[in-house]
Amino acid sequence: VALRHKLRSFGIPIVGPDGKIDGPAVVHCDNAGVVANTSTPESALTKKHLAVNYHSVREGAAAGILVMSKEDTATNLADPFTKVLDAGKRTAHFKCMLG
């Protein structure tokens, strides 16, 4: 949300997933629980460390500034840098990144 505000203050338009200028920003996340907690108002937090930025993200989602999206492991290009993958998946990810 802060980066979005900073870019807008510099005059850079934010194009949303629907192609509209100043549309909602899509945040891709590979954790289904995080997507559910930020998208569903009825969800409750059970861990204190999840509550740190939870409310600002939930406010952004409720205001239509952010849209949370689940990113599958098969298409998440950050996985080779954050998880231990078998050789086949790791090679497929790097081939996709390098073209």
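Heavy-atom basis, side chains included; hydrogens, waters and symmetry copies ignored.
A side-chain donor-acceptor contact under 3.5 Å links R90 to the backbone of L85. A donor-acceptor pair is defined here as one N or O able to donate and one able to accept, closer than 3.5 Å; no such pair exists between the side chain of D72 and the backbone of T75.
Considering CD of E71 and SG of C29, their distance stands at 9.5 Å, rounded to 0.5 Å. K70 contributes atom NZ, which lies 8.0 Å from atom CG of N76 (distance to the nearest 0.5 angstrom). The distance from atom NE2 of H28 to atom CE of M68, rounded to the nearest 0.5 Å, is 10.0 Å.
Considering only heavy atoms from C-beta on, D30 comes within 4.5 Å of K83 through its side chain.
Closest approach of V67 and P24 over heavy atoms only: CG2-CB, 3.6 Å.
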